[in-house]
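Worksheet: the structure to be examined is printed underneath.
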Amino acid sequence: MLTVAEALAVLLAAGRSLADGAAVELVPTLEANGRVLAASQVSQLNVPPADNTQMDGYAVRAADCSSGAARLPVSQRIPAGHVGAPLAAGTAARIFTGAMIPAGADAVVMQEMCEAEGDAVVIRHAPKSGEWVRRAGEDIQSGSVILAAGTRLRPQDLGLAASVGLEKLPLLPKLRVAMFFTGDELAMPGQVLKPGAIYNSNRFVLRGLLENLGCEITDYGIVPDNREATRDALRRAAQEHDLILTSGGVSVGEEDHVKPAVEAEGRLNMWQIAMKPGKPLAFGEVRRAAGGHAFFIGLPGNPVSSFVTFLIFVRPFILRQQGVAADALAPQALAMRADFDWPKADRRQEFLRVKINAGGGLDLFPHQGSGVLTSAVWGDGLVDNPAGQTIARGDTLRFLPFSALLQ
């Protein structure tokens, strides 16, 4: 069996990035959330563009206020968005947060330290030059790279792009993913559950995970559990998609038709991975009639196994294909304290469902079976426990939060 690291390395080495020869889409910045940037973006201006005030108060010459009780006539009023006149010596300007500092002024005194007296103000503070002044280019300097190619854009990234006036952004195309599910035992919510049948929870989990990753999804639903139907679904899915994702039928039993179907329509690497949950994982390619291929990943049918193998393998593979920078593929792991015992080591690398408790430690869900989907709902993330490793209360563990894995 391959280790988790070995299997992941093979996946990422095989997965071509859509950045390689892809047609770039120019998309309005308002509509770019979750998409991947095709080219680095350089600011053409300073942010802020001019010195401005961080506070409501009075713009002054610091030298005029050295006494700590200076009385100065108020010569002008400068709201944000307006340009004041040069400040004459011995006067103050009423100024509001974000407004440009007038020429001649070198400090701002917050209004709480001032007392208005008719057309004058008493400055009860001796400011230093530069006090409460936000300098031009303090946030962004003209000519600097603000967003690197391969960035998966978040709301704050869009705000940064907007702050330098970028109306549109060059983006890589969305990854086109086809998904289907095999198993005559599968039913959909709303249908009568016949004896021996189960509801298809994996369809809902995997579709949601793909949506979180910004994929363009075609959902073929439940495919009849026979080889010809599976081959037909693979052929149709390969024509207009970059990746085909399935759940179930990737073992080697007589009723597992995915493996021979993929081998007939392309090629397949059948992996046995030393991980728990989620031992079987299929990876390969399905030929397109017009040439080329779509990648294929077959996940196990047990719901927790399917969920965990998606997070550990499919998520980084999709991010790689989307053109996300290599250093952003791995989720951030946290070092956290075990508040439980796990005395029996497994020969496989384990991904245990845990929850952060009020004391800042990790509690273990009592049933770690691959079919217990409630563990993934109850938990806050996974403990990545190395093969052959027991856990004692107080040990420091490698914790992978769902908040990072589900992005």
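Reckoned from all heavy atoms, side chains included, excluding hydrogens, waters and symmetry mates.
Side chain of R320 to main chain of A326: no donor-acceptor pair is present (N/O by atom type, distance under 3.5 Å, no hydrogens or angles).
Residues D51 and R135 are paired through a salt bridge, judged by an N-O separation under 4.0 Å between the basic side chain and the carboxylate. With respect to the salt-bridge test (charged N to carboxylate O, under 4.0 angstrom), the residues E117 and R71 qualify. Ion pairing between R393 and D395 fails under the 4.0 Å rule for side-chain N and carboxylate O.
Qualifying salt bridge (charged side-chain N to carboxylate O under 4.0 Å, His left out) partners for D157, counting only residues two or more places apart in sequence or in other chains: R154. The salt bridge (charged side-chain N to carboxylate O under 4.0 Å, His left out) search around E25 returns R35, not counting sequence neighbours. Evaluation of the salt bridge (charged side-chain N to carboxylate O under 4.0 Å, His left out) rule for E115 yields R124 as partners, not counting sequence neighbours. The salt bridge (charged side-chain N to carboxylate O under 4.0 Å, His left out) test applied to R398 returns D384, not counting sequence neighbours.
Proximity of S306 to S247: side-chain heavy atoms (C-beta onward) are separated by under 4.5 Å at one or more points. Proximity of D119 to P73: side-chain heavy atoms (C-beta onward) are nowhere separated by under 4.5 Å.
The residue from L206, L243, I244 that alone fulfils the side-chain contact (heavy atoms from CB on, under 4.5 Å) condition with V177 is L243.
Residue pairs meeting the ring-ring contact (aromatic ring centres under 6.0 Å, His included) criterion with at least one member in residues 93-134: none, sequence neighbours excluded. Within the structure, ring-ring contact (aromatic ring centres under 6.0 Å, His included) pairs that include any residue of residues 337-377 comprise F365-W378 (at least two apart or interchain).
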(request) Check step by step if ring pair (Phe, Tyr, Trp, His ring centres under 6.0 Å) holds for F295 and F317. (result) CA-CA 10 Å; F295 284 111; F317 180 79; 5.4 Å; yes

(request) Apply side-chain hydrogen bond (donor to acceptor under 3.5 Å, both in side chains) to S129 and D106, showing your working. (result) CA-CA 5 Å; S129 180; D106 65 351; 3.3 Å; yes

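Side-chain contact annotation: N46 with S142, donor-acceptor N/O pair under 3.5 Å absent.
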